[in-house]
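As the structure is a computational prediction, the values presented were derived from the model and not from experiment.
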Amino acid sequence: MTQTNEPVDFIREIVKQDLAANKWGGSPITRFPPEPNGFLHIGHATSICLNFGIAEETGGQCHLRFDDTNPTKEDQRYVDSIMRDIEWLGWSWNEHLYYASDYFDQLYEFAVRLIRDGKAYVDDQNAETIRIDRGTLTQGGSDSPYRDRSPDENLELFEKMKNGEFQEGEKVLRARIDMSSGNLNFRDPVLYRILKSDHQRTLGKWCIYPMYDFAHGQSDSIENITHSICTLEFEDHRPLYDWFIKELNIHHPQQIEFARLNLTYTVLSKRKLSQLVDEKFVEGWDDPRMPTLSGLRKRGFTAESIKEFCRLIGVSKRPKTIELSLLEHSLRKGLNLTAPRVMGVLRPLKLVIDNYPTDTTEYLEATNNPEDESMGTRLVPFERELYIERDDFSEDPPAKFNRLAPGREVRLRYGYFVTCTSFVTNPESGEIIEVHCTYDPTTKGGYAPDGRKVRGTIHWVSANNCVDAEVRLYDTLFTVEKPDESDDFREVINPNSLEVVRNAKVETIVLDPNGGNTYQFERLGYFTKDTENESEEVPLFHRSVTLRDTWAR
RNA sequence: UGCCCCGUGGUGCAGCGGUAGCACAGCGGACUUUGAAUCCGCUGACCUAGGUUCGAGUCCUAGCGGGGCAGCCA
C-alpha cells in the first residue's frame with residue numbers, strides 16, 4: 001500500500017473505512033464494466049484508474065466485465081479495442097475477465113425465482129402502452145392489466161419467451177414493484193425483452209436478453225464485487241439495484257456513484273463520438289483529434305499523462321467540466337522530462353549565409369534534453385544554406401519581435417550569430433522567398449566571445465542535410481467550450497481542426513528507429529511519429545501538443 | 001408541479017466544528033542558447049436566510065441555483 005499525503009477522495013475514504021471495519025471479510029473487489037459498443041475515451045480512463053487504482057492500492061482486485069446484454073449494438077471489435085486500451089494504460093485484470101453473458105443461465109434462474117415469489121410478471125402490452133402507463137415525472141403510473149397473473153402462468157409464459165415462441169416486442173418480463181413510485185425505476189421495470197438476434201458470444205442460444213438493471217447488480221453479486229462504482233446517472237437506479245439483491249437474498253455489493261468527466265472543446269458521449277466517425281467528420285475512432293484513448297495514443301499522449309490527468313481531476317459528485325489545458329499540461333509535464341529535442345521547421349524559408357563557405361559542413365553539438373543530462377548530445381550539420389521558420393523572419397517586425405528582421409542579429413540555436421542583410425521577394429506575389437545574412441565566425445556554438453547579447457534564438461535545419469516530413473497540426477475539434485450545449489453539436493465543429501503541413505524539414509535523426517517516437521521540435525511543441533505510416537517514404541508526425549506559449553503568436 | 005444528487009476563486013480538487021489551502025488557467029517579475037522549462041510574486045472563492053454552538057465552509061431547516069430520471073439502451 002502506498003502512503004502519500006494526497007487527499008483521499010470520498011470513494012477511497014469509503015473503501016478505507018470498510019477495510020478498517022473488515023466489512024467484506026477480505027480485500028476490495030471492484031470492476032470496470034464497459035459495454036462493447038464503442039471505443040474507450042478519456043472519460044472511461046477516470047473510471048478505469050479509479051477501479052483498478054483502488055484495487056492496486058488496497059491489495060484487492062479489479063475485474064474487467066463486458067456488459068454485453070444487448071447483441072444488437074455490440075461487437076467483438078469493441079471488445080478487442082477496450083482490452084488493448086486498458087492494457088496500454090498499464091492495468092491488468094489478471095485472470096478476471098468476465099462477460100455478463102457468462103451469467104445468462106444464472107440470471108434466468110434469478111428471474112424465475114422472482115416470478116415464483118410473485119415479484120415479476122410477463123406483460124403482453126407493447127412498448128408504447130408500457131411507456132404511457134408508466135406515467136410522467138410528476139404523475140404516477142397505472143398498473144398493467146397483466147400485472148396479477150399467477151406465478152404459474154408467468155413461469156409458463158416466461159419459458160415460452162425463452163423458447164422463442166413469441167415475436168420481438170410481443171412480451172416482456174417486468175418486476176412487480178410500485179407503479180406509483182416517485183422513482184421511475186420502480187414502476188415495474190422491464191427485466192427481459194425478446195431480441196431475436198444472435199449474440200457475439202452466446203450465438204443463437206438466447207432470444208431473450210436481460211436489461212441492464214437486472215443484469216448489472218446480479219453480475220456484481222456473482223463476482224463478489226464489494227464496491228460497484230459507477231457514474232451519477234445510475235444514482236436513481238441504486239434503490240432498484242438494492243431491491244433485486246435483497247429480494248434474491250444474494251451477496252450485496254455497495255454501489256457508489258461519482259460524476260463523469262466533461263472536457264471543454266470536446267464531446268464525450270459514445271453516441272456523438274460514433275456519429276463523428278460514421279458521418280466522416282474524423283478519420284476513425286483513433287483519429288488524433290478524438291478524445292478516445294486510441295486517438296490520444298496516436299496523437300502522442302502517454303499512458304502516464306492520462307493517469308496523471310485522472311489523478312489531477314480527482315473524484316467527486318459534482319458535475320464537472322475540466323479545461324482542456326489541464327490535459328495538455330499533464331502531457332507536457334511528462335514529455336518535458338523525457339522527449340528528445342530536435343529542430344524541425346514547419347514552414348521553411350531559405351536562409352543563405354553569404355559569408356559562409358559553399359563547400360563546408362560543420363557538425364555542431366546540440367543538447368538532447370536540457371532536463372536530463374543523461375540523454376547526451378548529438379551533432380547537427382550546419383551549412384551555408386539553411387531553412388528557418390517563415391514566422392521567424394519579419395520584413396517589418398512588430399514591437400517586441402525577438403526574431404530575425406532586416407539589420408537584426410539573432411542566434412541560430414547551437415550555431416552562430418547571424419545578421420540579416422537582405423531578403424528576396426517573388427516579384428509576382430510579393431512573397432518572401434529567401435533571406436540573406438552574414439554570420440560571425442567567432443560565435444560558434446552560439447556564444448559571443450565579446451559577451452554581446454542577441455534578442456532571440458531561432459531554430460533551423462541544414463537545407464541539404466535534413467529530411468522532409470509531413471506534419472499534422474491539430475486544433476480543438478469544436479469551436480466552442482461546451483459543444484454539448486449547442487442545438488446540434490455538428491454545427492460547432494471546427495473546420496480547421498486539422499492542418500496538414502507537407503514540406504516540413506526536420507533533422508535526419510528523427511529517422512533513427514531507436515530514437516523513440518515522440519520528440520520536442522524546439523520552440524514548437526511535441527510531435528509524435530506515426531508508426532503505422534512507416535512504409536511511406538516521408539515520415540508523418542502528429543503534433544501532440546504545442547509548447548506553452550506566453551507570446552501571442 | 002414527483003423522486004434523487006450537487007452548491008468553496010475562471011476551471012477542478014482539499015479543508016471531517018477552531019476563522020480558507022493546492023493544481024490548472026490568468027497577470028507580473030527573475031533566469032534563459034527553446035518567447036519552453038524552472039523559480040518568485042499577484043489577482044481571485046465558502047449560493048442565501050434562519051437555527052444549533054463560545055465558535056459554522058463544515059451540523060440542522062428552509063429557500064435559491066445547477067444536474068439527473070418518463071428505452072423493450074447502458
Side-chain angles (χ1 to χ4, degrees), chain A residues 6-9 13 33-35 37 67-70 72-74 123 125-128 130-132 134-141 168-174 180-187 189-195 208-209 211-213 215-216 230-239 257 259 264 270-271 311-330 332-333 336-337 341 343 366-367 370-371 400-403 411-415 417 445-447 454-459 481 520-525 546-553:
Chain A
E6 288 281 312
V8 166
D9 60 71
E13 185 63 39
E35 183 190 14
N37 67 344
D67 227 332
D68 55 348
T69 57
N70 186 351
T72 65
K73 293 189 173 175
E74 295 150 9
D123 196 339
Q125 298 183 112
N126 60 31
E128 174 74 358
I130 288 178
R131 185 176 62 75
I132 292 167
R134 186 153 31 227
T136 67
L137 292 176
T138 52
Q139 286 174 16
E168 276 189 23
E170 202 178 331
K171 285 181 169 46
V172 289
L173 182 72
R174 292 227 260 167
S180 67
S181 174
N183 183 342
L184 287 276
N185 296 119
F186 270 4
R187 321 244 261 233
V190 171
L191 269 35
Y192 270 91
R193 77 289 216 190
I194 298 168
L195 250 30
I208 58 171
Y209 293 92
M211 297 287 289
Y212 165 84
D213 282 311
H216 196 88
C230 61
T231 45
L232 248 31
E233 66 269 27
F234 294 104
E235 225 157 13
D236 289 343
H237 293 248
R238 175 159 31 92
E257 312 85 14
T264 56
K270 273 195 208 169
R271 201 197 98 241
R311 194 184 64 75
L312 287 175
I313 65 178
V315 180
S316 71
K317 298 192 76 159
R318 307 184 212 176
K320 67 185 90 186
T321 302
I322 308 288
E323 291 174 345
L324 193 60
S325 60
L326 190 66
L327 218 209
E328 297 183 334
H329 163 79
S330 307
R332 289 193 193 105
K333 187 178 174 184
N336 177 44
L337 267 22
R341 271 58 169 174
M343 289 191 283
T367 303
E371 306 289 333
K400 293 183 184 171
F401 185 85
N402 288 343
R403 294 163 262 169
R411 170 167 40 233
L412 295 175
R413 177 136 226 220
Y414 299 123
F417 284 13
Y447 296 95
V454 99
R455 288 178 72 177
T457 302
I458 64 175
H459 59 277
E481 272 202 351
Q520 184 195 97
F521 290 3
E522 295 213 30
R523 305 209 302 133
L524 297 177
T546 61
L547 250 29
R548 191 164 166 274
D549 190 3
T550 49
W551 170 259
R553 287 213 181 203

Q) Expressed in angstrom and rounded to an integer, what is the separation of Asp9(A) atom CG from G12(B) atom C1'? A) 14 Å

(Q) Taking the side chain as everything from C-beta on, heavy atoms only, tell me whether Ile313(A) gets closer than 4.5 Å to Leu326(A). (A) yes

**Q.** Distance-only side-chain donor-acceptor flag, Glu128(A) / Asn126(A), under 3.5 Å
**A.** no

Q | N or O in side chain of Thr69(A) less than 4.0 angstrom from A74(B) OP1/OP2 | A | yes

Q.
If the cut-off is 4.0 Å, is Arg131(A) near the phosphate of C72(B), judged by side-chain N/O to OP1 or OP2?
A. no

Q) Can Trp551(A) be said to stack with the base of G35(B), given centres closer than 5.5 angstrom and planes under 30 degrees apart? A) yes

Q. Between G67(B), A74(B), A14(B), which nucleotide has the shortest distance from any of its atoms to the side chain of Asn70(A)?
A. A74(B)

Q.
Please name the nucleotide paired to C39(B) by Watson-Crick or G-U wobble geometry with both distances under 3.5 Å, or report none.
A. G29(B)

Q. Going by an N to O cut-off under 4.0 Å, is there a salt bridge joining Lys73(A) and Glu35(A)?
A. no

Q: Identify which nucleotide among C13(B), A74(B), C24(B) has an atom closest to any side-chain atom of Met211(A), counting heavy atoms from C-beta outward.
A: A74(B)

Q: Could you check which nucleotide pairs with C72(B) in any of the strands shown, counting Watson-Crick or G-U wobble with both distances under 3.5 Å?
A: none

Q | Options G35(B), G12(B), A70(B), nucleotide nearest the side-chain atoms of Asp549(A) | A | G35(B)

Q. Which residue, Leu312(A) or Tyr414(A), contacts RNA chain B at a nucleotide closer to its 5' end, judged by nearest heavy atom?
A. Leu312(A)

(Q) From the set A25(B), G2(B), G71(B), return the single nucleotide nearest to any side-chain atom of Thr138(A). (A) G2(B)

Q. Distance between the C1' atoms of G28(B) and G18(B), in whole angstroms?
A. 35 Å

Q: Tell me the partner of U34(B), counting only Watson-Crick (N1-N3 plus N6-O4 or O6-N4) or G-U wobble (N1-O2 and O6-N3) with both under 3.5 Å; none if nothing fits.
A: none

Q) Closest heavy-atom contact between Asn336(A) and Arg341(A)? A) OD1-NH2, 2.8 Å

Q.
If I take atom CZ in residue Arg455(A) and atom P in nucleotide U34(B), what distance separates them, rounded to the nearest angstrom?
A. 16 Å

Q) Would you say a side-chain N or O of Arg548(A) is under 4.0 Å from OP1 or OP2 of A37(B)? A) yes

Q. With both distances under 3.5 angstrom, what nucleotide forms a Watson-Crick or G-U wobble pair with G65(B)?
A. C6(B)

Q: Classify the side chain of Glu323(A) and the base of G10(B) as holding, or not holding, a donor-acceptor pair under 3.5 Å.
A: yes

Q. More 5' along RNA chain B: Leu137(A) or Glu128(A), using each one's nearest nucleotide?
A. Leu137(A)

Q) Does G17(B) pair with anything, Watson-Crick or G-U wobble, both distances under 3.5 Å, and if so, with which nucleotide? A) none

Q) Rounding to a whole Å, what distance do you find between Arg174(A):CZ and G71(B):C1'? A) 13 Å

Q) Which heavy atom in Arg187(A) sits nearest to a heavy atom in Arg134(A), and how many Å separate them? A) NE-O, 2.9 Å

Q.
At less than 4.0 Å, is any side-chain N or O atom of Lys400(A) found next to OP1 or OP2 of G35(B)? Yes or no.
A. no

Q. Where is the tightest heavy-atom contact between His459(A) and Glu522(A), given as atom of each residue plus distance?
A. ND1-O, 3.7 Å

Q: Please state how far atom CD in Glu328(A) lies from atom P in G12(B), giving the value in whole angstrom units.
A: 17 Å

Q.
Tell me the closest heavy-atom pair linking Met211(A) and Val190(A), and the distance in Å.
A. CG-O, 3.2 Å

Q) Which whole number of Å gives the distance between the C1' atom of G67(B) and that of U61(B)? A) 23 Å

Q. Nearest-Å distance, CZ (Arg332(A)) to P (U38(B))?
A. 11 Å

Q) Taking atom P of U11(B) as reference, at what distance in whole Å does atom NE2 of His329(A) sit? A) 19 Å

Q: Ignoring hydrogens and angles, answer whether the base of U34(B) and the side-chain atoms of Gln520(A) contain a donor-acceptor pair closer than 3.5 Å.
A: yes

Q. Given that both distances must come in under 3.5 Å, which nucleotide forms a Watson-Crick or G-U wobble pair with U1(B)?
A. none

Q. Any idea which of C72(B), A70(B), C5(B) is nearest the Leu184(A) side chain?
A. A70(B)

Q | Nearest-neighbour nucleotide for the Asp67(A) side chain, A74(B), U34(B), C72(B) considered | A | A74(B)

Q: Could you measure between the two C1' atoms, the one in U43(B) and the one in A62(B), and give it in whole Å?
A: 36 Å

**Q.** Close side-chain approach of Leu547(A) to Gln520(A), heavy-atom, < 4.5 Å
**A.** yes

(Q) Nearest whole Å is fine: how far is A36(B) P from Glu371(A) CD? (A) 13 Å

Q.
Suppose you measure atom C1' in C42(B) against the same atom in A56(B); what distance do you get, rounded to whole Å?
A. 30 Å

Q) Think Arg523(A) has a side-chain N or O under 4.0 angstrom from the OP1 or OP2 of A37(B)? A) no

**Q.** Inter-nucleotide C1' distance (G71(B), A25(B)), Å rounded
**A.** 40 Å

Q) Within the side chain of Thr264(A), is there an N or O that forms a donor-acceptor pair under 3.5 Å with the backbone of Glu481(A)? A) no

**Q.** Nucleotide nearest Pro319(A) when distance is taken to its side chain, options A36(B), G2(B), G67(B)
**A.** G67(B)

Q: Mark yes or no for a side-chain to base donor-acceptor pair under 3.5 Å between Arg318(A) and U8(B), with no hydrogen or angle criteria applied.
A: yes

Q. Mind checking the C1' distance from A14(B) to U58(B)? Whole angstroms is fine.
A. 13 Å

(Q) In whole Å, measure the gap between the P atoms of G44(B) and C60(B) for me. (A) 32 Å

Q: Output yes when at least one side-chain N/O atom of Arg193(A) is less than 4.0 Å from OP1 or OP2 of C73(B), else no.
A: yes

**Q.** Distance test, side-chain N/O of Ser316(A) to OP1/OP2 of G12(B), below 4.0 Å
**A.** no

Q. Would you say the side chain of Asp236(A) and the base of G68(B) hold a donor-acceptor pair, judged only by whether the two atoms sit under 3.5 Å apart?
A. yes

Q) Rounded to the Å, how far apart are Glu235(A) CD and G68(B) P? A) 12 Å

Q. Is G21(B) in the syn range, within 90° of 0, or in the anti range?
A. anti

Q. Considering only the P atoms, how many Å lie between C27(B) and C69(B), rounded to the nearest integer?
A. 38 Å

Q | Watson-Crick or G-U counterpart of A45(B), or none if no pair lies under 3.5 Å | A | none

